[in-house]
Structure formats: structure tokens, C-alpha cells
Amino acid sequence: MVESYVVRRVKSGIPGFDELIEGGFPENTTILVTGSTGTGKTTFGAQFIYKGAEEYGEPGVFVTLEERAKDLRREMLSFGWDFRKYEEQGLIAIVDGVSSSVGLPSEEKFALEDRFNIDNFLRYIYRVVKAINAKRLVIDSVPSIAFRLKEETQIREVLLKLNTILLEMGVTTILTTEAPDPSAGRISRYGIEEYIARGVVILDLQERNIELKRYLLIRKMRETKHSMRKYPFEITNSGIVVYPSGEIY
Ligand SMILES: Nc1ncnc2c1ncn2[C@@H]1O[C@H](COP(=O)(O)OP(=O)(O)OP(=O)(O)O)[C@@H](O)[C@H]1O
Ligand SMILES: [Mg+2]
């Protein structure tokens, strides 16, 4: 008899998205969210963490390497997401990876130390994940890890180590990265992010009648049947909404 194997799914918290991927991300995988500037990568990740706490009671860690934790919290309030509330309940932890790198003292409970070092970075994330028993993790972004390394080529080693540790920790992770030119097949900055990730979601903009329209493409998702079609989405006052039956005009 063939044993049936059911993939456990983690809800994205993004309306319209989960139905494109058989109900959610496969549990304990790393998903790459890639796109050029302003395509919604940070919002996508933040929504995954926030809705994870609010709707599913799942603890999540957001590692911010691009903007200070307090700036992120403020921006997210514009979607009606009060991160503080869940931080106080121990359901969300924001790791401030910015203050130290610009030489400012951090007022945050969770902050990276000033000397960036791969092993310390990974160890710290591990500790925070364990501290709140996180099921979800976002690291925003891969290029901002690479900028902090002595040699950007070390990013390969970091991602490989990171991926192994993430699998070990049992979290479902979103990594964000830059896509220099998705339509020409360049979907990540270092060209290796998509190989370590088990799923790749491309966020992009397309010009239509002098207006840019947002769309997304699920480029790969292991253990999942998904279409390769582009789906329109919007960033609304309450976050990202995907339109599974909408057309790209
Ligand atoms: N409250 C809001 N309502 C609607 N749209 C918003 C709101 N806040 C932000 N946006 C849109 O979201 C975009 C920013 O998205 P986000 O910061 O997630 O993108 P990103 O891909 O992370 O960009 P970056 O390259 O700067 O990191 C803004 O440029 C704006 O178009
Ligand atoms: Mg961003």
C-alpha cells in the first residue's frame, strides 16, 4: 500500500494568495519573495508575520535589515497593523538589524550587535526564534545581509548555512531579495537565492496605459501544484490583496 502523504500548509495571510498554492506554503520551507524596488516585498513579509499572529495565533519573527524597527512599525500602522500589540503578547518579535550598523544604540528588545558576523547573526536569529517559539520568520532582505559582509561573495555561504539552520528550527521563512530584471530571467540579486529557496514568488510592475499595474507570479513552489500565470494584486489600505481570477491587461 502506498502511504498517502499530506503536506502541511502555512497560511500566508494574504487574501487570494493561498488558493493559488493549494492552501498555503508547505510547512518548514524557505520562500523567496523577489521584486524590484517598491513592488511590495516588505509588505508581503510583514503581512505574513502580522496575520500569522492575528488570525492563526502563530508566533513570528521579523528581522529588519533595511529600516529601523520603529520605522517599520509606523509604516505598518498605515495598514492598520499594530505590531506592538502582538510584540507585547510575545507573538511577534522584531529584530532591529539597522541601528547597530549605522552606529546608533538600539532601543529595541531584540537587536543585532554592531560587528556583523555570520555565525553571530545566525545564532541570534536562532535564539529569538526559540525565545518566542516562532513558526514564521521573515528576513528583509538578502542584499542587506550581503552588504554587511566583508566580501559579498560570502553571501553564498551565509545562505547555505542559514537554510540548513532554518530547516532545523522548523520555521516557515520568507526571504526578500531584489530582482534586477525578472522578465529577462534575472530573478534574484545574487543568482543563488532561488536555489536555496523551495518556493519563489516574483512581485512585479507592468505598464499599462501610462499606469503601472502590480502582478505576481509563483515561479516555483515545491510539493505544490500551481499555475505559472501572472496574477494581479493591489496594495490596499489593509495590505496586499491578490485577485486569482483577475486578468493582466
Ligand atoms: N497604506 C498604504 N496603502 C496603499 N499602498 C501602500 C500603503 N503603504 C505603502 N503602499 C505601497 O506599497 C509600496 C511599498 O511597498 P514595500 O515597501 O513593501 O515595497 P518593497 O518591495 O519592500 O520596496 P523596497 O525596495 O523599498 O524595499 C509603496 O511604494 C506604495 O505604493
Ligand atoms: Mg522593502
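Just so you know, ligand 1 is whichever comes first in the structure, and atom 1 is the first atom listed for that ligand. In what follows, residues are counted from 1 in the order of the sequence shown.
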Closest approach of Pro182 and Ile202, non-hydrogen atoms and distance?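 Answer, listing the atom of Pro182 first, then Ile202: CB-CG2, 3.9 Å.
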Within the 4.0 Å heavy-atom shell around [X], which atoms of ligand 1 are there?
X: Thr236; result: 3 (N), 4 (C)
X: Thr37; result: 24 (P), 25 (O), 26 (O)
X: Gly40; result: 15 (O), 16 (P), 18 (O), 19 (O), 20 (P), 21 (O)

Against Tyr50, only a single residue in Tyr86, Tyr56, Phe44, Phe62 fulfils ring pair (Phe, Tyr, Trp, His ring centres under 6.0 Å); can you say which? Tyr86
Ring centres under 6.0 Å, that's the criterion: do Tyr231 and Tyr243 meet it? no
Does atom [atom1] ([X]) have a neighbourhood of more than 12 heavy atoms from anything else shown, all under 6.0 Å?
X: Glu157; atom1: CD; result: yes
X: Arg189; atom1: CZ; result: yes
X: Arg229; atom1: CZ; result: yes

Using a 3.5 Å cut-off on N or O atoms only, is Glu75 in polar contact with ligand 1? no
Give yes or no for whether the N/O distance cutoff of 3.5 Å, strictly under, is met between Gly38 and ligand 1.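 For ligand 1, there is an N or O atom that lies under 3.5 Å from one belonging to Gly38.
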Taking [atom] as the reference point, the nearest protein heavy atom with its distance:
atom: atom 21 (O) of ligand 1; value: Lys41 NZ, 2.7 Å
atom: atom 2 (C) of ligand 1; value: Phe79 CE2, 3.4 Å
atom: atom 12 (O) of ligand 1; value: Ile235 CD1, 3.4 Å
atom: atom 1 (N) of ligand 1; value: Ser78 OG, 3.1 Å

Looking at non-hydrogen atoms alone, which of Gln47, Glu66, Arg214, Glu234 comes nearest to atom 27 (O) of ligand 1?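 Checking each option, the heavy atom nearest atom 27 (O) of ligand 1 is found in Glu66.
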Heavy-atom proximity to atom 15 (O) of ligand 1, best of Asn237, Thr43, Thr176, Thr42: Thr43
Partner of Thr42 by side-chain hydrogen bond (donor to acceptor under 3.5 Å, both in side chains), out of Asp140, Thr176, Thr64: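 Exactly one candidate clears the test, Asp140.
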Taking both backbone and side-chain atoms into account, decide whether Ser141 has an N/O/S atom under 2.8 Å from the Mg ion (ligand 2).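 False for Ser141.
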Check whether the side chains of Asn28 and Thr172 place a donor and an acceptor atom closer than 3.5 Å, and report yes or no. no
